[in-house]
**Q** 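Handing you this structure, nothing more for now.
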Amino acid sequence: MLCYVTDICLFYNCWCLFLQVILILTKLYDFNLGSVTESSLWRSADYGTTYEKLNDKVASKTILSYLYVSPTNKKKIMVLSDPEAESSVLISADEGASFLKLRLTFNILSLLFHPVEEDWILAYSHNQKLYSSMDFGRKWQLVPGCLFLLIQSTLDLYSARYVTCRVQSCTEGGRTYPFRGSIDTSSLVVQDSYVFIQVTTAGRASYYVSYQRRPFQKIRLPKYSLPKDMHIVSTDKNQVFAAVQEWNQNDTYNLYTSDTEGIHFTLALENVKTSRGQEGNIVIDLYEVAGISGLLIANRKVQNSVKTYITYSKGHDWRLLQAPSTDLAGNAIHCVLPFCSLHLQLKMPENPFSSGGICSESSAPGIIVAAGNVGTELSYSGTGMFISSDAGNTWRQIFEEEHSIWFLDHGGALLAVAQAAGPIRHFWLSFDEGLQWERHSFSRVPLYVDGILVEPGIESHIMTFFGHFSHRSEWQLIKIDYKSVFTRECTQGDYQTWHLLNQGDPCVMGQKQMFMKRRPGSHCMQRKDYPRVFSAESCICTASDFECDYGYDRRGDGYCSPSFWFYPTAVSGSCSHGRSDFNGTGYRQVVSNNCKQGMKELYTARRQPCPTQPPRGLQLVTSDGRLMALMGNNVTFLVSLEEGDSLKMNIWFDFGDGITVSYSNLSWAEDGIKHVYKTAGLFRVTTLAENSLGFDSATLYLHITCPVERLHLSAPVVALQNTEVNLTALAWPMHSRIVMFFWWIGNSTEPIITLKGSLSHRFSFEGMTTVTVQVSSGNTILQDTRTVAVQGRLQLCPADPHNMQDMEKVIKAALLKVSDVPKQNLLVALFPGIPTIAELFLLPHTDHADPDFLLQISEVLISVLNQNLVEFELKPGVQVTVYITQLTLAPLVDSSSTQHTSALLMLLAVVFVGLAVFSIYKFKRKIPWIHVYAEVNHEKEQEMIGSVSQSERMPKMTPSDFTSQVELLDNELQVRIKGEITRELPNCTSV
């Protein structure tokens, strides 16, 4: 497509085809000047065998910019000059054999031909004015419109008006404004039977549609959709496909499908991949397969991976593509859905003379050829070519590299040309749907292929390669007549029938369709008008032929139910007294689906008379009259209505737990509406009865309870008088808002009632005070009690060092009593404070230097500590219990470096709740130590203070649970105590 000569580029602008005529417009662009300096118009009257340069006939010095052909009369041609050089137009009525050059008083930016009248043309100028011509460009008049043509008149930079008028009377008095207000500039889109506009208010865009030029209606997307961009993908077959970018999307769009009028849209596929075209336009990775109604292929982004999906029902349901079973060499491909599948490149080419990543033809139904890869996601490296002969059900690999594919002979043969960076001289032909390929040469000298023109004539068998031999050569056009590869014309025996299936299901879009296809391997020429569809028989309607209607979502069980934001009667507000209207069922038949009978009557909206009065006196109760129920049990709600026709009333029900249901009339709820609550709590249950004349609602609050199985009261053993303490009650299972706590403190006769299991309290009197708590949930009441010793002053720690030494002896004696550990292997050092902290050392003995001896001692100590056997009575009424708590390595280093032995480190705690941690390691005369915590506990209060029991909170430890020697060696441990064990004990303080 590009031919480089130093800094100059020669490229095609337009290639126009007729029965025998080819017109080519080329332009020479000078990159130094940044403009077109030359143009040439070429004409061939013999399918490209010879070409004539027409510059002398159209004024040799005129620079041409665009070439147009009348859509209703192919013989009429219009060529525009470059407005930067001159403003003129050349017209021809004989396929370019002769031209008439006419000067213009304005510069044409774009042209629009009338779809029926061949001489009617609209021209939009560079200065934003509209001109019309009634004689194919010979005369122009400044009138902004023509017969019923939709135009856009700019008011300012950001807004415009939508205007229609007749060409003869497009003055202000002859204009009509189908949309009353202003619309966004450049937002007018006209496609088939639809007209779309956009209106932005306060930074938020709204979209409107006119179907068959009727009054505009606001497009309704699901309420939770917050679009920031919208593109119309297609409008064929009486349905709109729209790509909507939500507020939280960047490189993906959601695909929506509409009803016939294009007003109500439902979600078809989320997160469809998009890209930017060369002109900055949005390109949606969505491909509609030609020849098969409802067959679409899309690339969807799923968790940062792009995967290819296919649908046979116009977006009703999607699935991944099954990968080929073997590769091109016949080796097995192990690709299992959904972890691995086939992925296709769906981007269409910017060059109109290139085939792109995927192609299909209506003249060859069921055949799809595309570039792609097999794996977990779409990749643009290692791409091969794949073909499906059965409309995407199964696939085969045909090339290992990317090729451009064209359909020849009206879909009877396939042409493949390699997408090579260098020049080529061969192409490939297949007559059996890609099973076998024949190589042919089209040039003696390799050619850089810029494009291929296939079948320019209606009944011709000609293709044209155009490109260049080198980057400095001129354009080369190579014409190929491939008619000789066919031996004869096809007869009835050369065709076979093919049944369209969807994974074995013969009903696709409500029809059993059978097509006529040429038998693979038949080298015969097809007629263009041979019948493709052999037969089509309607199927019995099933649920798969229906999609959820606007405002409904498909649940996990496959049924459609109203969305949380949707009221079923909201779309029928125009229903008035004495008329009839349609009552929706939540389903709508897929557009263009041709099924009959079956479930169609059940799912199709029914016409019913409009109501005569609004609902009044709506009441909601439970079947047993109670406002409380147990979690997991069925709850039956009864709804009644005092006034209003219950058969013409929509009922909407919200159970308060995120689940809603709706009924088309009250008769569906005569036996009650049953629901099971899976969680406990207080729920607001609401019902709404509505018709076009009004609505009424009713509400009740339902307590869903769950029996409490356990209750534990946590309170301090000792408390200071007039000091705030926390009392905590733990109930299991715990459910907020439905559990009530009753607190009795001391001799109080009235409880303190809370909805939370915590209470802050100040004790006013010294002595023993009883705290009792009760928890009530449903029919269950549990109680727990604790006793708190209220003191005016507390002694925080032993004050005398001699007392500390006595305590050390008592703790050591308690350990020796229950463990049989040699006395000479234990050393205890106590610190001040409550809880009391101490270091407990396991000392190696000279007679037992083996580390296994320390291991045996540690196992004995851990066993007795885990069984809560180490305890003693400090004084009458005060019990001390010792537990293991945690590991802290702080070795003591012997001054003698010649002795090597093993030492054991263990941390203990004299507490009610602790974590057992233990370690063994070899040191150079290092002495391990143990932390010991002590807490005063009244002898009448032997239970621990916490949410679980001692055995639950304290893990049972073994030596194997501790850090290995290698891990300890890697840690840089600091010595906490060196030399002899000496402590300075601070003075005790009283509070």
Side-chain angles (χ1 to χ4, degrees), residues 66 68-72 78 108-125 128-134 143-155 158-167 169-170 174-200 205-221 227 229-244 253 255-265 277 279 281-284 286 288 348 591:
Y66 292 99
Y68 293 89
V69 180
S70 172
T72 55
M78 180 173 289
I108 297 178
L109 181 63
S110 62
L111 288 179
L112 181 63
F113 291 85
H114 196 276
V116 178
E117 299 293 336
E118 61 183 59
D119 291 335
W120 291 13
I121 306 174
L122 279 179
Y124 190 63
S125 69
Q128 298 181 346
K129 292 183 179 181
L130 194 65
Y131 295 81
S132 66
S133 174
M134 309 292 289
V143 285
C146 64
L147 185 60
F148 294 117
L149 189 65
L150 307 172
I151 65 173
Q152 183 172 310
S153 174
T154 302
L155 295 179
Y158 303 105
S159 62
R161 291 297 302 274
Y162 171 49
V163 183
T164 62
C165 62
R166 293 180 179 271
V167 63
S169 58
C170 204
R175 297 180 181 181
T176 59
Y177 298 86
F179 189 79
R180 294 183 178 180
S182 301
I183 66 175
D184 293 355
T185 303
S186 302
S187 70
L188 178 64
V189 177
V190 182
Q191 287 187 206
D192 299 320
S193 300
Y194 302 90
V195 181
F196 304 93
I197 60 174
Q198 174 180 315
V199 178
T200 300
S206 299
Y207 305 94
Y208 295 83
V209 62
S210 170
Y211 175 63
Q212 294 182 345
R213 309 306 186 260
R214 299 172 186 171
F216 276 91
Q217 299 286 333
K218 187 175 181 179
I219 290 178
R220 298 189 178 275
L221 297 169
D229 192 21
M230 183 176 183
H231 292 270
I232 304 302
V233 179
S234 69
T235 55
D236 59 344
K237 299 178 182 178
N238 297 322
Q239 187 177 37
V240 180
F241 272 79
V244 176
Y253 279 67
L255 185 64
Y256 287 86
T257 58
S258 76
D259 54 7
T260 301
E261 296 182 350
I263 299 174
H264 297 96
F265 283 77
E279 302 296 329
N281 56 305
I282 296 294
V283 179
I284 310 294
L286 177 70
E288 184 174 3
M348 301 305 295
V591 176

**Q** Provide the closest heavy-atom pair for Lys218 versus Ile263 in the form atom of the first, atom of the second, distance.
**A** O-CG2, 3.6 Å
**Q** Any idea how Tyr194 and Tyr211 line up, ring-wise: parallel (<30°), tilted (30 to 60°), or perpendicular (>60°)?
**A** tilted
**Q** OH of Tyr256 to CE of Met230: how many Å apart, nearest 0.5 Å?
**A**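 It comes to 9.5 Å.
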**Q** Indicate yes or no: at least one non-hydrogen side-chain atom of Val163 is less than 4.5 angstrom from one of Tyr177.
**A** yes
**Q** Within the structure provided, determine whether Leu112 and Tyr124 are in side-chain contact (heavy-atom separation under 4.5 Å).
**A**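 When only atoms from C-beta onward are counted, Tyr124 and Leu112 do not touch, as no gap falls below 4.5 Å.
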**Q** Measuring from Phe241:CZ to Leu286:CG, what's the distance to the nearest 0.5 Å?
**A**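 The CG atom of Leu286 is 7.0 Å from CZ of Phe241, to the nearest 0.5 Å.
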**Q** Just wondering, do Tyr208 and Ile183 contact through their side chains at under 4.5 Å, heavy atoms?
**A** no
**Q** Quick one: closest heavy-atom pair of Phe265 and Leu221, and the distance?
**A** CB-CD2, 3.7 Å
**Q** Do Trp120 and Met134 have side-chain heavy atoms sitting under 4.5 Å apart?
**A**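 A side-chain contact under 4.5 Å exists here.
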**Q** For the CD1 atom of Ile219 and the CD1 atom of Ile232, what is their distance to the nearest 0.5 Å?
**A** 5.5 Å
**Q** For a side-chain contact (heavy atoms from CB on, under 4.5 Å) check, start with the C-alpha distance between Thr72 and Val116, then their side-chain angles and the critical distance, and finish with the verdict.
**A** CA-CA 7 Å; Thr72 55; Val116 178; 5.7 Å; no
**Q** Less than 4.5 Å apart, side chain to side chain, heavy atoms only: is that true for Leu122 and Ser132?
**A** yes
**Q** Are side-chain heavy atoms of Ser182 and Arg161 found at a separation under 4.5 Å?
**A** yes
**Q** State the CG-OG1 distance between Asp184 and Thr200, to the nearest 0.5 angstrom.
**A** 3.5 Å
**Q** Is the backbone N or O of Val233 less than 3.5 Å from a side-chain atom of His231, with the two atoms forming a donor-acceptor pair by type?
**A**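 Not confirmed, His231 side chain does not pair with Val233 backbone.
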**Q** State, to 0.1 Å, how close Tyr68 and Ser110 come at their nearest heavy-atom pair, and which atoms those are.
**A** OH-CA, 4.3 Å
**Q** Does the ring centre of Phe179 sit less than 6.0 Å away from the ring centre of Phe216?
**A** yes
**Q** To the nearest 0.5 Å, tell me how far Leu188 CG sits from Thr185 OG1.
**A** 11.0 Å
**Q** Search all heavy atoms of Gln239 against all heavy atoms of Thr257 and return the closest pair with its distance.
**A** NE2-CB, 3.6 Å
**Q** For a quick test of reading the model, state the closest non-hydrogen atom pair linking Val69 to Phe113 and the distance between them.
**A**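 The pair with the smallest heavy-atom distance is O-CE1, 4.4 Å.
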**Q** I want to check something: taking the side chain as every heavy atom from C-beta on, are Arg214 and Glu261 in contact at a cut-off of under 4.5 Å?
**A** yes
**Q** Nearest 0.5 angstrom please: Leu255 CG to Ile284 CD1, how far?
**A** 8.5 Å
**Q** For the pair Ser258 (side chain) and Val240 (backbone), establish whether a donor and an acceptor sit closer than 3.5 Å, ignoring hydrogens and angles.
**A**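 Checked: pair present.
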**Q** So which heavy atom on Leu111 is nearest to which on Ile108, and how close?
**A**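 Looking at all heavy atoms of both residues, the closest pair is CD2-CG2, 3.8 Å.
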**Q** Using a 4.5 Å cut-off on heavy atoms from C-beta on, say whether the side chain of Thr164 contacts that of Arg213.
**A** no
